[in-house]
Engineer: 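Sharing a structure here in structure tokens format.
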Amino acid sequence: MSQQKRIRVRFAPSPTGPLHIGGVRTALYNYLFAKKLNGDFILRIEDTDSNRFVPGAENYIIDALNWLGIKFNEGVGIGGHFAPYRQSERKEIYKKYVDQLLTAEKAYIAFDTPEELDEKRKEINNFQYDASTRLQMRNSLTLSPDEITKSIAAGENYVVRFKIESGEDVLVNDMIRGEVRINSSVLDDKVLYKSADQLPTYHLANIVDDHLMEISHVIRGEEWLPSAPLHVLLYRAFGWEDSMPAFAHLPLLLKPDGKGKLSKRDGDRLGFPVFPCDWIDPNSGDRSSGYREAGYFPEAVVNFLALLGWHPGTDQEIFSMDELVELFSIERCSKSGAKFDFEKGKWFNHQYMQLKPESELTDLFIHELKEKGICTENKMILPDFSGKKACVSKEYLSKVISLIKERANFINELWDQSHFFFERPETYNEKSVQKYWKENTSVLMSELIDILEGISDYNDGVRMEETVVKWITEKEYKMGAVMNAFRVSLVGEAKGPHIFDIVVLLGKEETIFRVKNAVKALK
RNA sequence: GGCGGUGUAGUGUAGUGGCCUAGCACGCAACCCUCUCACGGUUGAGACCCGGGUUCGAUUCCCGACUCCGCUACCA
């Protein structure tokens with residue numbers, strides 16, 4: 001019966017802190033794979049290490065996935081047929097399967113303390129707890145049944161180890177890398193279960209859950225590749241090899257410079273986030289910054305991540321989530337680790353910024369303006385600078401954004417590009433003044449004021465420009481000399497959009513006011 | 001050290017036994033546009049890890065070295 005199995009994949013992070021951006025990518029690829037094949041995407045929390053549990057981490061993971069639009073349809077928080085999805089709540093299940101292996105003599109109990117093991121490692125270099133050494137250790141293979149029961153009764157901590165027979169080639173078929181072959185002799189007798197906290201280790205819980213939850217494909221990071229043969233052996237020991245999921249080991253996300261996996265430290269060092277959202281460590285109080293708070297659009301992060309290790313085979317680079325789902329395939333994932341290119345990430349955000357409708361950007365920008373005390377409730381189209389802080393309309397805001405968004409990568413760069421639309425220049429950029437405000441400039445500006453006074457229609461930027469340019473030409477002034485000084489008067493420095501676009505938005509009164517001000521201040 | 005994986009410009013990658021004078025994008029430089037800053041446009045610099053083979057021919061196939069990465073926990 002080779003009935004087509006339903007596609008079911010899972011993302012199974014452990015709640016030991018904020019979700020790393022590499023983990024986000026793994027989640028994304030799982031999601032894309034599942035959606036593409038009309039399958040299920042499950043969120044399972046692997047909290048089998050009681051020592052490393054961090055409160056809040058689970059919520060963080062869910063929050064981050066939600067923000068990015070990586071939706072799971074089964075798992076922690078929403079439930080499903082295979083609940084519970086938190087491994088700490090599945091203790092009895094694992095116990096049952098551990099006992100099964102024990103009974104079948106495919107696993108054994110070991111009493112060696114961490115100290116004893118450390119000593120052994122010091123004594124024998126490259127010590128490995130395996131077929132060649134297990135008979136020298138304190139375990140159920142070497143102790144009498146009597147001693148064993150006594151030790152357990154005395155409450156001595158023990159672990160259950162997987163008994164791996166040596167000298168066997170184990171084959172793992174990886175969807176990205178092809179066949180990977182490892183000899184079982186290099187594998188150690190992995191700890192599957194700890195009596196101390198009654199919890200299994202990752203390896204056991206992982207296999208049991210994937211089997212019970214009918215996972216069809218395991219898509220995870222490359223760091224798991226070396227233990228994949230162990231997992232195959234476990235499926236075999238349980239008699240589940242026929243229904244074993246297919247494996248795909250994703251390449252890692254690497255530091256932008258140097259070597260190694262991308263880490264939190266790299267973000268701090270190089271000044272970019274390595275987490276989806278801000279995170280404050282509950283113990284140390286340390287803050288890690290996230291893409292969300294740094295002003296990234298979730299679509300941009302998803303798009304960027306999708307292309308870091310996967311390629312559609314065409315030159316297209318901007319993809320919606322739906323397009324990614326449509327085009328994604330494991331076969332087109334690359335094998336080698338990808339260095340994290342933060343600059344490219346910015347570019348993606350810039351692209352999405354240009355794609356966003358003005359209304360959406362306006363809403364986002366309003367938050368920033370409110371923080372700066374700018375009133376955005378003005379009913380008039382022209383801005384009101386009469387108060388301490390300016391008061392502008394939504395319409396005005398929207399027009400400002402359309403003029404400056406192409407200069408910004410992030411929402412939080414919008415202010416820097418547009419502050420002069422919301423406040424009068426108080427100082428004038430020294431370099432700009434030096435370059436553009438010469439001895440006769442004040443005279444030119446005074447003449448310009450006369451010209452500006454004479455114009456009645458301040459809505460037609462093109463005609464206004466014609467009028468001004470005509471005057472400049474007739475007087476044989478230099479274009480740059482007039483315009484740049486004009487600009488410095490309005491903006492405070494030599495930057496910003498087309499000057500008459502600014503004039504139209506500011507209006508006659510404010511424009512002339514600013515030029516007069518500049519003349520006064522700069523002489 | 002052992003085991004595994006990986007190797008195309010600075011970065012992400014495309015690609016193929018001859019069409020490759022190796023494509024695209026980010027970044028970089030120059031120029032154009034222009035009142036400025038951006039955007040945009042054009043151009044430029046910049047890569048097939050190294051040896052052996054196989055082949056008429058290899059960046060592409062095979063072998064080896066090397067590189068980098070990962071794993072080597074009662075972490076995941």
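All values below come from the heavy atoms of this structure, side chains included, with hydrogens, waters and symmetry mates left out. Labels below follow one simple rule: chain letters A, B, ... track the order of the sequence lines, proteins then strands, and each chain is numbered from 1.
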Engineer: What orientation do A:Y291 and A:Y296 show, parallel under 30°, tilted 30 to 60°, or perpendicular over 60°?
Structural biologist: perpendicular
Engineer: Just say parallel, tilted or perpendicular for the rings of A:F500 and A:H498, cut-offs at 30° and 60°.
Structural biologist: tilted
Engineer: For B:C39, what is the paired nucleotide under Watson-Crick or G-U wobble rules, both distances under 3.5 Å?
Structural biologist: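 When the pairing criteria are applied, nothing turns out to pair with B:C39, so the answer is none.
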Engineer: Can you tell me the distance, in whole Å, between the NE2 atom of A:H311 and the C1' atom of B:G23?
Structural biologist: 10 Å
Engineer: On RNA chain B, nearest-nucleotide positions of A:D188 versus A:G496: which is more 5'?
Structural biologist: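 By nearest-heavy-atom nucleotide position, the 5'-most residue is A:G496.
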Engineer: Using the side-chain heavy atoms of A:R332, tell me which of these nucleotides is nearest: B:G5, B:C26, B:A14.
Structural biologist: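 Of all the options, the side chain of A:R332 is nearest to B:A14.
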Engineer: Of the nucleotides B:C26, B:C75, B:A38, which has the atom closest to the A:K194 side chain?
Structural biologist: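 For A:K194, the side-chain atoms sit closest to B:C75.
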Engineer: For a quick check of understanding: with a heavy-atom distance under 4.0 Å over all strands, which category does A:K261 fall into, base, sugar-phosphate or nothing?
Structural biologist: sugar-phosphate
Engineer: So which one's nearest nucleotide on RNA chain B is more toward 5', A:L254 or A:N51?
Structural biologist: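 So the residue in question is A:L254.
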Engineer: Would you kindly give the CG-to-P distance between A:L262 and B:C69, to the nearest whole Å?
Structural biologist: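 These atoms are roughly 14 Å apart.
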Engineer: With a 4.0 Å cut-off on heavy atoms, is A:H498 in touch with a base, just the backbone sugar-phosphate, or nothing at all?
Structural biologist: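 Result for A:H498 = base.
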Engineer: How are the rings of A:F272 and A:F340 set relative to one another: parallel (under 30°), tilted (30 to 60°) or perpendicular (over 60°)?
Structural biologist: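 Parallel, since the angle between the ring planes stays under 30°.
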Engineer: Remember a base hit wins even if backbone is also touched, and classify A:N126 as base, sugar-phosphate or nothing at under 4.0 Å, heavy atoms.
Structural biologist: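 Base: the residue A:N126, judged by heavy atoms under 4.0 Å, touches a nucleobase.
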Engineer: Does B:U60 have a Watson-Crick or wobble partner in any strand here, with both distances under 3.5 angstrom, and which is it?
Structural biologist: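 Matched B:U60 with nothing under the 3.5 Å cut-off.
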Engineer: When you get a sec, tell me which of B:G15, B:A76, B:C35 is the closest nucleotide to the side chain of A:E46?
Structural biologist: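 Looking only at side-chain atoms, A:E46 lies closest to B:A76.
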Engineer: For A:N157, report the nucleic acid contact type (base, sugar-phosphate, nothing); a contact means any heavy atom under 4.0 Å.
Structural biologist: nothing
Engineer: Look at the side chain of A:R487 and the base of B:C35, then say whether one donor and one acceptor between them are separated by less than 3.5 Å.
Structural biologist: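 Between B:C35 and A:R487, which were checked side chain against base, a qualifying N/O pair under 3.5 Å is present.
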Engineer: State whether A:K475 and A:E447 are salt-bridged, where the test is any N-O pair (Lys NZ or Arg NE/NH1/NH2 against Asp/Glu carboxylate O) under 4.0 Å.
Structural biologist: yes
Engineer: Only pairs with both distances under 3.5 Å count, Watson-Crick or wobble alike; so what is the partner of B:G4 in this structure?
Structural biologist: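 The base-pairing partner of B:G4, which may sit in any strand shown, is B:C69.
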Engineer: Across all strands shown, which nucleotide pairs with B:G23 by Watson-Crick or G-U wobble geometry, both distances under 3.5 Å?
Structural biologist: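 Partner of B:G23: B:U13.
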Engineer: With respect to the side chain of A:W347, which nucleotide from B:C3, B:C26, B:G70 is positioned closest?
Structural biologist: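 Within the option list, the nearest is B:C26.
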Engineer: What's the CD-C1' distance between A:Q316 and B:A14, to the nearest Å?
Structural biologist: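 Rounded to the whole Å, the gap is 15 Å.
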Engineer: For A:G345, report the nucleic acid contact type (base, sugar-phosphate, nothing); a contact means any heavy atom under 4.0 Å.
Structural biologist: nothing
Engineer: Could you check A:N139 against A:I109 for side-chain contact (heavy atoms from CB on, under 4.5 Å), going step by step and ending with a plain yes or no?
Structural biologist: CA-CA 6 Å; A:N139 53 44; A:I109 288 173; over 6 Å; no
Engineer: Please state how far atom CZ in A:F319 lies from atom C1' in B:U13, giving the value in whole angstrom units.
Structural biologist: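 So the CZ-C1' distance, A:F319 to B:U13, works out to 12 Å.
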